[in-house]
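Nothing fancy with the numbering, it's 1 onward along the sequence. None of the values given here were measured: they were computed from a predicted structure.
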Amino acid sequence: MSRAALLVLADGRFPAGGHAHSGGAEAAVKAGRIRDAATLEEFCRGRLHTAGLVAAALAAAAASGLDPGELDAAADARTPSPALRAAARRLGRQLLRAARATWPAPELDDLAAAFPRGAHQPVVLGLTARAAGLGPADAAYAAGYESIGGPATATVRLLGLDPFQASGVLARLAPELDTVAGRAEEYARRAGLHGTDALPAASSPLLEIGAEVHAAWPVRLFAS
C-alpha cells in the first residue's frame, strides 16, 4: 500500500473532471443557503453525512472487491435525481480514463467495457484505489474528502470567498471526515457479508432538488 498514491488520487489536480462540478454548491449559493464561510460549513457538514457517507461506503466496498455491477446498481438506487445520476456517470467515465492511464489494471479495463457510458463515480473511485494498491479505508477517505472539497473550492469561485476561510472549513470538518470514513468502511465490510442492501442510503433531498433545478439553467458556471 502506498499512501503517496492516495495523495495523487485525492489531489484536485488529478484529471478526473471534478473541477467542473460544484457538488450542489452553485444551486445552494443561488438559493441563498450558502452565503459565507459559516453557511458553507453547514452545507458541507450535511453533504458529508449524507451523500458523502453513501459515496464513501460505495467506494470502500468497491475497493474491497465487491462486484462493481452490483455496486453501480446500488448507487443508482440511492440517487433519485436523474441529473445527479448523469453527473455521477460523467465523472465516473472521466475518472476511469485518468485511472487507466495512471494505474493500468485489468479490473479497470473490464469496468470500462461493462459501462461504456460510465459507471457511478464512487464505484470507479473504489476500483481505482484498489488498482493503486490502496485499501477500503483509503477509498472511503478519498470519497468523503471529495464530497466536501469540491463544494468548498467551488464556493471560492462562486462567492469570491477567501480561500483561507474555505480551507478552515475543511480543517474543522476533518474529525467528522474521520468518523464518516470509519463508518463507511464498516458498511463496506457488512456489504461483503450481507450484500449491497447493507450499504447506507442516507438521503439529502435538497441536493436532489437543487440538482434538478440547476440542470435546467440555461447558463451556469459548473456542470452540476
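There is no path of hydrophobic side-chain contacts, each under 4.5 Å, that joins L207 to I209. Linking Ile, Leu, Val, Met, Phe, Trp and Tyr whenever their side-chain heavy atoms come within less than 4.5 Å leaves Y141 and L9 in two separate clusters. Following chains of ILVMFWY side-chain contacts shorter than 4.5 Å, one can reach L111 starting from F14, so the two form part of one hydrophobic cluster. Linking Ile, Leu, Val, Met, Phe, Trp and Tyr whenever their side-chain heavy atoms come within less than 4.5 Å leaves V54 and L91 in two separate clusters. In the hydrophobic clustering of ILVMFWY residues, with side-chain heavy atoms under 4.5 Å counting as a link, F43 and L170 come out together.
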| task | Decide yes or no on salt bridge (Lys or Arg N to Asp or Glu O under 4.0 Å) for K30 and E26, but give the supporting numbers first. | result | CA-CA 6 Å; K30 186 169 184 179; E26 186 167 22; over 6 Å; no
| Stepwise salt bridge (Lys or Arg N to Asp or Glu O under 4.0 Å) check, R190 with E186 | CA-CA 6 Å; R190 294 179 191 172; E186 176 60 21; 3.3 Å; yes
| message | Quick one, Q94 with Q121, criterion side-chain hydrogen bond (donor to acceptor under 3.5 Å, both in side chains). Give me CA distance, side-chain angles, the key distance, then yes/no. | response | CA-CA 9 Å; Q94 178 64 25; Q121 193 268 358; over 6 Å; no
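Nearest heavy-atom pair, A129 versus A139, reported as atom, atom and distance to 0.1 Å: CB-CB, 3.9 Å. Residues A75 and L58 come closest through the heavy atom pair CB-CD1, 3.7 Å. Looking at every heavy atom in both residues, S64 comes nearest to P136 through OG-CG, 3.2 Å. Closest approach of E41 to R172, counting heavy atoms only: OE1-NE, 2.8 Å. Minimum heavy-atom separation, A57 to A184: N-CB, 3.5 Å. In plain terms, the two heavy atoms of A143 and A56 that are nearest each other are CB-CA, 3.6 Å.
Side chain of R157 to backbone of A154: no donor-acceptor contact under 3.5 angstrom is found. Side-chain atoms of S147 come within 3.5 Å of backbone atoms of G144 as a donor-acceptor pair (strictly under, hydrogens ignored).
L199 places a side-chain heavy atom less than 4.5 Å from the side chain of R78. For the pair V124 and F115, the minimum side-chain heavy-atom distance is 4.5 Å or more. Between E212 and E208 there is no side-chain heavy-atom pair separated by less than 4.5 Å. With contacts defined as side-chain heavy-atom distances shorter than 4.5 Å, the pair R89/D72 qualifies. The side-chain heavy atoms of T39 and E42, taken from C-beta on, include a pair separated by under 4.5 Å. Here the side chains of V8 and W103 are in contact, with some heavy-atom distance below 4.5 Å. Side-chain contact between L108 and L127: present, with at least one pair of heavy atoms (C-beta onward) separated by less than 4.5 Å.
Distance CZ/R47 to CG/L206: 12.5 Å, rounded to 0.5 Å. Rounding to the nearest 0.5 Å gives a distance of 8.0 Å between CD1 of I34 and OG of S22. A distance of 12.0 Å separates CZ of R100 from CG of L95, quoted to the nearest 0.5 Å. Going from atom NE2 of H120 over to atom CG of D76 covers 3.5 Å, rounded to the nearest 0.5 Å. Between the OG1 atom in T79 and the CG atom in L84 there is a gap of 7.0 Å [rounded to 0.5 Å]. To the nearest 0.5 Å, atom CG of residue L125 and atom CG of residue L96 are 11.5 Å apart.
A salt bridge is defined here as a Lys NZ or Arg NE, NH1 or NH2 lying under 4.0 Å from an Asp or Glu carboxylate O, and R189 with E185 fails to meet this definition.
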Report, one line per pair, each donor and acceptor closer than 3.5 Å where one atom sits in a side chain of residues 217-224; sequence neighbours left out.
residue: W217; atom: NE1; partner: V213; partner atom: O; Å: 3.3
residue: R220; atom: NE; partner: F222; partner atom: O; Å: 3.4
residue: R220; atom: NH1; partner: H214; partner atom: O; Å: 3.3
residue: R220; atom: NH1; partner: A215; partner atom: O; Å: 3.1
residue: R220; atom: NH1; partner: W217; partner atom: O; Å: 3.2
residue: S224; atom: OG; partner: H21; partner atom: ND1; Å: 2.5

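Residues forming a side chain to side chain contact (heavy atoms under 4.5 Å, CB included) with L6 (at least two apart in sequence, or on another chain): R3, L134, D138, A142.
Annotation for R33: atom CZ counts as buried by contact number, over 12 foreign heavy atoms lying within 6.0 Å. Applying the 6.0 Å contact sphere to OH of Y145 captures no more than 12 heavy atoms from other residues, nucleotides or ligands.
Within the structure, side chain to side chain donor-acceptor pair (under 3.5 Å) pairs that include any residue of residues 192-207 do not occur (at least two apart or interchain).
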